[in-house]
Amino acid sequence: MATQNIDGFEIRTDLVYDVGAHLWMNVTQDGIISVGVDPLGIETFGTLAQIALEAPPINLERGMHFGSMEAEKFVGTLVSPIAGLLTERNEVVMADPGIVERDPYGDGWLIKIKMSTDPTTLPYLTSGADAVIEAFEKRVAAYRLEGVLAE
Amino acid sequence: MELRVIDFGRVSALRSQTLWHAIAYGVSEGAPPTLSFMTPATPYVSIGLHVNIDAVDVNACKRAGLPVFRRMVGGGPVYLDDDQLFFQITLPDSMAPAMRSRAVRVLLNPVVAAFQQIGIDAELDDANEIVVGDRKICGHAAGQIGSAVVVVGNLITGFNHDAAASIASTPNRAAAGMFRQMLERYVTAVDADPRAFMEAAVATYTEALSSLQGEQAGDVSYVRGRPPFGEPDAGDPLASLTPYELEKLEELDRKLADPTFIRGESRRTRAPWRIKVKSGVWVYGHANESATAVLGLVDDVITEVTLVGAGRDTEKLIGELVGSGLPHAADRIAREGHMGATIAQLVEAMT
């Protein structure tokens, strides 16, 4: 598991990302892809109070709602970064959303999607260590410039 | 920067929810940022998207003739009636700060300014609660609907504490009583003219959104509503909605009244029982076969204690618990053999 500290955020560089949506994807086995929230997304969203995830099975399209998260009375929508069959949701994080903050790349995964396409080939996703690092560096810098993140 | 302002006037309880949800979908599809107002013709209960329906005393609501509607933004169960003017600010997600707590703060600041303009000494506290002193004067919730961000809230000109307390599901009379008492202490109405508040909010939001965009204030299309706060001869505010918003409105009228949507998914409830009065103010309760313990906490300090069936020397123990934090309370209770397990279990669960 390769990680890189990018301006205070521990980012796994061996995963596929939808950087704008703050979601990571990990191809686990037989085309099953686990999806979770990256540390930068958790930081911008705030302390999670609730997570709701759609019950499987559902055929997801890219951009389709698969759940929601709530922090400080704000409900944000979770939209799928890829098309595929939602096969599993993490019931544990629904009962204890704090797990997503404590272990975003591990026990804090959200859903699993069965997909026939290799996500690293999709042009709207980011993969490869160099590209991931560059994308997060740009995103963190932009957030700091906008005052989203403290200096 | 264009701002659309719509005063819907008095609308049905259901429409007081579905109208602003429809606007959010409209803004997602290109309608301008919108500031909307309405007041419900009849009282009802609104619950946040993730709230377990068990948090509401559904039978009490039925007896009181209060419908329950689930909204698609956050927060807990609230009692709403025609002594409240609802406001909503809806804008494209791209206009709102990416840090969500900051977005809510930025979008509530104009409300605070509007309160101040009409002579209410309101402040936005560190938890994004609009308060006068330590009392909450305005509820709020927020969320992303489609690709729009919406922040909703209310001007409360009269607050029915009894009704607001009665809709909450509480484990026993002691907990219900303390919740009612703390609502009275920490949530209050303000003596304000809703029409003046609306006018002030239009001005403060126009300025704030222009500043957010780095632009000069632009056109404000202001659709003035019908009574109670508008004019009797005002046109139909629905005419200011886009065809897409009207289509979504009909769809939302069905969705938000759908019993399956209202019931929602059953979620595991936290132990022990607790209920939020306002940010930082909670009532916790726990009971076993021999005793009931209810604690009121303000910023993690115990301010109220009710013990039922707890044995001798209750007054002394209450006196020692009030004013203490939970670690001290846990330590104190550990030395209190005669109290039995009730309050010890409660404090252990809370800590």
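A, B, ... follow the sequence lines: proteins, then strands. Residue 1 opens every chain.
Residue pairs meeting the ring pair (Phe, Tyr, Trp, His ring centres under 6.0 Å) criterion with at least one partner in residues 82-111 of chain A, sequence neighbours excluded, are A:W24-A:Y105. Pairs passing the ring pair (Phe, Tyr, Trp, His ring centres under 6.0 Å) check and including a residue from residues 121-143 of chain A, sequence neighbours excluded, read A:Y17-A:F136, A:H22-A:Y143.
When every heavy atom of B:F69 is checked against every heavy atom of B:I262, the shortest pair comes out as CD2-CD1, 4.3 Å. In this structure, A:G67 and A:H65 approach most closely via the heavy-atom pair O-CE1, 3.0 Å.
Proximity to chain B (any heavy atom under 4.5 Å) is shown, for A:S68, by both the backbone and the side chain. B:V104 touches chain A through its side chain: at least one heavy atom from C-beta onward sits under 4.5 Å away, while N, CA, C and O do not. For B:V150, no part lies under 4.5 angstrom from a heavy atom of chain A.
Of the listed residues (A:A52, A:A71, A:G76), the one with the most heavy-atom contacts under 4.5 Å to chain B is A:A52. When the candidates B:E265, B:H50, B:R102 are compared by the number of heavy-atom contacts under 4.5 Å with chain A, B:H50 comes out ahead.
Annotation for A:K138: atom NZ does not count as buried by contact number, only 12 or fewer foreign heavy atoms lying within 6.0 Å.
Note that CG of A:L15 is 9.0 Å distant from CE of A:M1, once rounded to the nearest 0.5 Å.
Under a 4.0 Å N-O distance rule, the pair A:R89/A:E91 qualifies as a salt bridge.
Listed in order of number, the residues of residues 34-45 of chain A that approach chain B to under 4.5 Å between heavy atoms are A:E43, A:T44, A:F45.
B:E129 pairs by the salt bridge (Lys or Arg N to Asp or Glu O under 4.0 Å) definition with A:K73, B:K136, not counting sequence neighbours.
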